[in-house]
Amino acid sequence: QVQLVESGGGLVQAGGSLRLSCVASGRSFTRYAMGWFRQAPGKERELLAAVSWSGDVTYYPDSVKGRFTISRDNAKNTVYLQMSSLKPEDTAVYYCAADSNLNIRVATMTTQGMDYWGKGTLVTVSS
């Protein structure tokens with residue numbers, strides 16, 4: 001079992017930045033590849049960024065590439081999502097999730113494949 005707790009969400013103006021954090025407790029953090037997802041009202045949950053268990057490999061969809069950066073600190077059991085140049089359409093609940101498949105190619109990470117989820121943190125971007 002892994003418990004995930006996100007923080008760092010809030011209200012930000014368009015063009016601003018936020019850094020989200022996700023702290024994991026329970027089983028060894030390095031057993032998991034990690035992903036950040038978001039879900040806006042009326043939309044499906046989507047993958048924003050993924051990182052391998054070691055932190056060496058990352059993946060971003062084109063929609064956020066160049067604006068979002070994922071990183072992890074295994075000593076602190078924490079994964080981060082640095083977001084910049086935020087837009088009103090980035091408004092959503094942001095979730096971190098863990099995938100126990102150590103061999104996963106992070107570019108293939110999916111919502112359905114994740115084993116554990118946090119409860120999410122709300123990001124609101126005002127225009």
Side-chain angles (χ1 to χ4, degrees):
Q1 281 278 13
V2 172
Q3 293 77 44
L4 303 172
V5 179
E6 304 95 337
S7 63
L11 176 64
V12 62
Q13 287 190 332
S17 299
L18 276 178
R19 189 177 81 157
L20 306 183
S21 300
C22 172
V23 178
S25 59
R27 296 190 70 186
S28 176
F29 185 57
T30 54
R31 289 176 175 265
Y32 302 94
M34 300 295 296
W36 281 99
F37 297 75
R38 72 183 175 193
Q39 189 165 20
K43 294 189 176 182
E44 292 187 354
R45 194 168 297 189
E46 61 174 336
L47 176 66
L48 300 174
V51 62
S52 62
W53 69 270
S54 63
D56 291 346
V57 182
T58 58
Y59 165 77
Y60 307 92
D62 289 343
S63 57
V64 302
K65 194 176 293 183
R67 296 195 300 128
F68 291 6
T69 302
I70 190 171
S71 61
R72 66 190 293 163
D73 184 338
N74 287 340
K76 295 182 178 180
N77 289 356
T78 302
V79 61
Y80 303 98
L81 184 68
Q82 179 68 47
M83 305 184 293
S84 61
S85 302
L86 285 163
K87 308 172 184 179
E89 51 264 43
D90 293 317
T91 295
V93 178
Y94 284 66
Y95 301 89
C96 71
D99 189 324
S100 62
N101 181 3
L102 292 178
N103 296 317
I104 189 172
R105 290 177 57 242
V106 292
T108 65
M109 193 174 280
T110 65
T111 303
Q112 294 79 2
M114 307 308 286
D115 295 296
Y116 302 101
W117 291 88
K119 293 184 178 181
T121 185
L122 176 63
V123 172
T124 303
V125 184
S126 63
S127 57

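Start at 1 with the first residue, then count along the sequence.
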**Student:** Pairs under 3.5 angstrom only: tabulate donor-acceptor contacts from the side chains of residues 6-19 to other protein residues two or more places apart or in another chain.
**Tutor:**
residue	atom	partner	partner atom	Å
E6	OE1	K119	N	3.1
E6	OE1	G120	N	2.8
E6	OE2	C96	N	2.9
E6	OE2	G120	N	3.2

**Student:** Which residues satisfy the ring-ring contact (aromatic ring centres under 6.0 Å, His included) test with F37, sequence neighbours excluded?
**Tutor:** W117

**Student:** Quick check for you: to the nearest 0.5 Å, what is the distance between M83 atom CE and I70 atom CD1?
**Tutor:**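 Atom-to-atom, M83:CE and I70:CD1 are 12.0 Å apart.
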
**Student:** Of the non-hydrogen atoms in M109 and D99, which two are nearest, and what is the gap between them?
**Tutor:**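 That closest heavy-atom pairing would be CE-CB, 4.3 Å.
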
**Student:** Which residues pass the side-chain contact (heavy atoms from CB on, under 4.5 Å) test with T78, sequence neighbours left out?
**Tutor:** S21, V23, K76, Y80

**Student:** Show me the donor-acceptor pairs, under 3.5 Å and distance only, between side chains in residues 51-59 and residues at least two apart or in other chains.
**Tutor:**
residue	atom	partner	partner atom	Å
S52	OG	S54	OG	3.3
S52	OG	G55	N	3.3
S52	OG	D56	N	3.3
S52	OG	V57	N	3.1
S54	OG	D56	N	3.3
S54	OG	D56	OD2	3.4

**Student:** Can you list the residues that meet the side-chain contact (heavy atoms from CB on, under 4.5 Å) rule with E44, with sequence neighbours excluded?
**Tutor:**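 Once residues adjacent in sequence are excluded, E44 has no partner under the side-chain contact (heavy atoms from CB on, under 4.5 Å) criterion.
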
**Student:** For S127 and P88, which heavy atoms make the closest approach, and how far apart are they?
**Tutor:**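 Looking at all heavy atoms of both residues, the shortest contact is CB-CG, 3.8 Å.
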
**Student:** Do V79 and I104 share a hydrophobic cluster (ILVMFWY, side-chain heavy atoms under 4.5 Å, transitive)?
**Tutor:**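 Unlinked, V79 and I104 end up in two clusters.
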
**Student:** Should R38 and V123 count as side-chain neighbours, where that means a heavy-atom distance under 4.5 Å?
**Tutor:**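 Contact flag for R38/V123 side chains = no.
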
**Student:** Measure across W36 and C22 and return the closest heavy-atom pair with its distance rounded to 0.1 Å.
**Tutor:** CZ2-CB, 3.6 Å

**Student:** Can you tell me how far the CG atom of L81 sits from the OH atom of Y94, to the nearest 0.5 Å?
**Tutor:** 7.5 Å

**Student:** Quick check against the 3.5 Å criterion: does R72 have a side-chain atom that pairs as donor or acceptor with the backbone of F29?
**Tutor:** yes

**Student:** Is it possible for you to say whether V2 and V106 belong to one hydrophobic cluster, with membership spreading through side-chain heavy-atom contacts below 4.5 Å?
**Tutor:**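 In one cluster with V2: V106, no.
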
**Student:** Any salt bridge between D62 and K65, counting N to O under 4.0 Å?
**Tutor:**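 Yes, charged N to carboxylate O under 4.0 Å.
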
**Student:** So do R67 and D90 actually touch side chain to side chain, heavy atoms under 4.5 Å?
**Tutor:** yes

**Student:** What residues form a side-chain contact (heavy atoms from CB on, under 4.5 Å) with A98, not counting sequence neighbours?
**Tutor:**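 side-chain contact (heavy atoms from CB on, under 4.5 Å) list for A98, sorted by chain: L4, Y32, M34, Y116.
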
**Student:** Given V64, which partner from the list T69, L47, L48 fulfils the side-chain contact (heavy atoms from CB on, under 4.5 Å) test?
**Tutor:** L48

**Student:** Under 3.5 Å, side chain of T91 to main-chain N/O of V125, donor-acceptor pair present?
**Tutor:**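 Yes: the side chain of T91 pairs with the backbone of V125.
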
